[in-house]
Chemist: 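Here's a structure for you.
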Amino acid sequence: MIAVKLIPHLLAALCLLLVLLRCFASRRKSVLLTSVCGLSAGAFTVLLLRSMPVVSPYLLLKSLLGVGFLALWGVSVAVNYRKNAVALDKNEGGIVSSVAALAGTLLAAFAAGGIAIAKLSDTALATFPPVLLLLVVVIVAVIVGGGATFLEKQLSPRVTITPVGMVVAVVALLLFSASSILRLDLFSPLSMKVMKGVHDLVHQSMESVLIPDHVFVRPVVWKYIGFLFGKEVGFWGGMVIWFTPPVLIALAVSSRKLPSVGHIRQGAQRRKLLAGALREQRLQLLLPLFSLCVLAGAAYQSSFPTVEYWDPKPIPVVANEGGMIILPKKGDILLEDGKIHKYLFKQKEREARFFVLLTPDGQLTVDLDACAICKPDGYGQAEGSVICYYCKTLIPLDTVGKPGGCNPVPIPFTVKDDAVVIDALTLINTWGATVQATTRVKEGGK
Amino acid sequence: MSPYIIETGGLTRSYGDICALKPLDLQVPEGEWLSVMGHSGSGKSTLMNLVGGLDRPTGGTLQVGGENLLALTEDGLARFRRNFVGIIFQQHHLVPYLTAIENVMMAQYFHSMPDEAEARHALERVGLGHRLKNRPGELSGGEQQRVCIARAIINSPKLLLGDEPTGNLDHKSTIMVMELLKELRGEERFTVIMVTHNQDVAAWGDRTIHLDDGMLVREERMNCQ
Amino acid sequence: MNRRRWLLHLVMGAIAHRKGRALLLLSVLAMASSLATALGIVSTSMEKRVAEEVRKYGANLVVTPEASRLDIGSGGLNFGVVSEPAFLDQGQIDSALAKSGVRAEHSYQLRGALHWKERDLMVEGVNFSDIRRLFPWWQLKGSWPAEGESVVGNDLATRYALKPGDSLELVGKAGTVRCRVSGIVTSGGEEDGQLFVSLLNLQQALGMTGQLSQVRLMVTAGNDGIKKSAAVLQQLLPGTKVSEVRQTAHTSEGLLTKVKLLMVMVTAVVLISAGSSVTGTMSTTVLERGKEIGLMKAIGGTRREVMLIFCGEAALLGIGGGIAGYLLGSAIAHFITRTVFSASAEFMPHYLLVSLGVSLFLALLGSFGPMVSVFRLDPVRSLRGE
């Protein structure tokens, strides 16, 4: 099971090492050594930090990924802006200094190792004794390194990798690897940021332009403004930011000038040179296009995560004559098992969905299955957090029960005789108010 | 660097029990026009095929243009042929569904990439500027052979091989083709090896070797050229 | 000129040179792939149709009077039959349901003909609130009816130009129903040809108070539970027939599997024969062109490059055959579903991929064997024509 979970990550790491080895072909040995060390070090660091409550390893990895993505942006803009001045896209050994090459390799391998081990939960790892675990990590790193070396030997020597191609492939592979881990994924937060940014912008501009009310704006225009308020704007905006760097790099490669052949008198020689240059160019387009596919895979994984959420079917409940919903703590369902338990309450035409959860600090909490800002798509429980299905925000279990943001809206309740008692009217009214408020935003009103 | 473009030592080629080429030592200096004469079955075509990298010897050494042909793989030989050798066939061997210019471009394609202007120029040089778009079926034997010559020289080979290039041509066309080859050799300075059984055609070369039953029997130098 | 364009040009030239043979190959490929496409589309459409039929009966049990027959999926219903047979007694059903302890949502329905503007209309009396629960897939244009309102099936509405807001006066044996059309329903089934009024009104108009022509039940239970409930109800309801809706679906699914198996076998036979005919044609072509191959090798083409040219040719033919096959196959599928199954086939663009795949596979497979044997030859011998 653990092995199956790790396969995509190890494959990504394998490709990553392959690219690095071919790019720094002149320093094969030191690069191989560095990357194997990096892989193990990344895994060790994550394991170590996870055992300490103070620092989160995810933050470290995520910032590393973020820096990588920004660097990719920088590189992609640079190769376009100074097309022939920047020699980054030429494959000459001396361009990247030895130190930079090894440092980059170390960082990339570190991130790859960290991400791979982050995929495994603590409980899965707890079955191994620590020493054995460290040994296994090192062995796996060595195997990956050996595999990459073997593959690199099989690869035709005509395939060369430029530093730019290396950067785009490495970052894309890391992002792909990270995208299957909720807490490391960059694409969803990116599209979320874009969405919030656009929403704020539209809001601000409308207020500052002083459009008094939407009666003055034609319905067609409202449709467009409504689009800006939708979820799609975040997704598409995220896509643009996501895919631009490899596209820019591919453009830079394909628009690079061919060698001048005018001075060569002999036709055959001229053709040979030109054909060689064209083939080289095509080979160099390979990596940006490959990265494009990998990034698309990452975006897909992020949008349709394969993580299994704990998401029980809401159980219908009814109120007693006093208008109270009474949920026994120890009935068919054990309320205090640390999982969310969803219920559906119907009263005439109105209904409300809510869940009961025992938070890690031992507090029972009753919340709507909806938050104050999103469409009420509900929550699912992942390890250590619940996730809002609409905006994919992760909410740590400790903060569930506190109002604000995308947190589930808390409902007042009392505990009586080993049962949770909720006032049905309050529940249904809170649900009504919340849902009404959030759906209005969706439909584009102010 | 050896002054010879072709050097063979004890070169043999046998098909089963039949020995087509007995051990042969031959040196061809760069730029020479060598005529190879003999009856059919004397091993002259075998020699040409070996030198052009179309066939592999069964023994001996074979160096062409500094390249040891025995050490090359199948694809290596193909690459050697495209970069180094131009071949003119007795049967022309033009692709029937391609026009004259396209037949020339085919050779360019395998060498590097097609270039229409250059192909047109090559056909103009062999005097076919007016028949670019004709298919082989619409050309006379002499014209077809000239297309074949244009195709052979388009990639500026170091070595031009002719396998009875005038075997199917009448006297007038033969003279025309030979004149053309001589002229082109003057410009491009390639080495020519031409297999023929026609004494007059052989006389165009600098040197003639006679093969019989796979053995070199006589060698003569022409001084009139 | 760029290498790829040249390659395409070369391949097109080669195909044009042997028009007859290319056409033969194209038609064989097109036929094979069109058959695969057509059978694929037909069986998918059929599968969907059966699924729809099953879905149509959201209710999983149907109680009908013993004499009357239940027709599933056929739109036409004989008026004469309805008036004659026995009816169910609403009270009996109610008590049986209560006694049996079966937890089920139910919809009481009465069917009868009412006179409207000199013609008889097939009218169904229902409780609209039940309908909403049991038939959630009803697509209603307009609104759900309130008291004194009715719903018209889509086909009927088109036929008599009825629209929401129109008033109807329907005359029955024992009374008159006056109602307003509140909405138009599309369900894809027989409902499209019916008029729905409230059960009580219809019972009064027909003078059949407390009588029903069928009851649909949605039992919330597992597979066994439904059977059990059916058995329990059957005992409590003599003179009626309690049948599972699944049963009919099962039989049609079984039939479908058999038909599909037949289709797969036919396709396999056709593909094999088409494959061998393509192989035959291709092998003669390639052998004929041995000299061409020898020449290409002699002037410096590597085996891979020459192979690419010939595979390109096969692939181009394959693509052409695939596209033609898709078009032809869709037409055939349309024809078959229309005439044999009297349903319309859907437009399924993803079958283009299937068709292309089949055609390409056949073309490449057919030319692969002969090519390999020719490519083994050395250029000298193939040039000599051996």
Side-chain angles (χ1 to χ4, degrees), chain A residues 18 21-22 25-26 28 83-84 89-92 149-162 164-165 249-290, chain B residues 30-31 65 67 72-76 78-88 101-126 128-129 132 149-161 184-191:
Chain A
L18 180 66
L21 282 173
R22 184 41 71 91
S26 53
R28 212 167 271 149
K83 226 163 272 172
N84 291 318
D89 57 347
K90 297 261 163 59
N91 189 51
E92 283 152 26
T149 320
F150 174 75
L151 286 180
E152 202 256 348
K153 284 217 181 89
Q154 308 299 309
L155 205 61
S156 151
R158 288 195 307 190
V159 180
T160 57
I161 292 176
T162 62
V164 173
I249 289 173
L251 281 180
V253 170
S254 58
S255 68
R256 200 169 50 203
K257 273 192 198 130
L258 291 171
S260 79
V261 288
H263 62 282
I264 300 172
R265 223 181 51 78
Q266 203 188 61
Q269 226 177 350
R270 200 165 55 211
R271 269 186 282 123
K272 197 113 212 163
L273 204 71
L274 219 61
L278 279 171
R279 204 185 57 218
E280 170 109 339
Q281 202 175 43
R282 258 215 315 280
L283 275 176
Q284 285 185 19
L285 274 178
L286 223 59
L287 269 189
L289 295 183
F290 167 73
Chain B
E30 196 157 355
E67 193 100 53
L72 290 181
T73 59
E74 187 97 352
D75 287 351
R79 249 170 256 132
F80 163 78
R81 289 197 290 268
R82 72 166 76 143
N83 291 325
F84 205 80
V85 187
I87 305 175
I88 307 168
I101 191 166
E102 284 169 348
N103 264 291
V104 177
M105 282 159 78
M106 173 88 101
Q108 289 179 321
Y109 168 74
F110 286 121
H111 172 264
S112 49
M113 61 194 283
D115 183 337
E116 197 170 352
E118 204 192 313
R120 191 185 309 120
H121 182 66
L123 281 174
E124 279 161 4
R125 264 168 87 186
V126 299
L128 285 177
L132 298 174
I149 292 173
R151 184 179 66 190
I153 59 156
I154 189 72
N155 293 325
S156 308
K158 281 266 169 44
L159 181 63
L160 190 76
L161 301 179
L184 289 170
R185 176 172 167 250
E187 290 168 25
E188 302 258 342
R189 312 233 146 261
F190 42 72
T191 308

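The shown structure was predicted, so the numbers you read here are calculated from the model rather than taken from an experiment. By convention in this document, chain letters (A, B, ...) are assigned in the order of the sequence lines, proteins followed by strands, and residues within each chain are numbered from 1.
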Chemist: Looking only at heavy atoms, which two atoms of Arg271(A) and Met113(B) are closest? And how far apart?
Modeler: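 That would be CD-O, 2.9 Å.
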Chemist: Less than 4.5 Å to any heavy atom of chain B: does that hold for the side chain of Leu273(A), its backbone, both, or neither?
Modeler: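 Neither part.
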Chemist: To the nearest 0.5 Å, what is the distance between CD on Gln266(A) and CD on Glu188(B)?
Modeler: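 Going from CD on Gln266(A) over to CD on Glu188(B), the span is 6.5 Å.
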Chemist: Would you mind checking which part of Arg279(A) comes under 4.5 Å of any heavy atom in chain B, side chain (CB onward), backbone (N, CA, C, O), both or neither?
Modeler: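 Contact with chain B is absent: no heavy atom of Arg279(A) under 4.5 Å.
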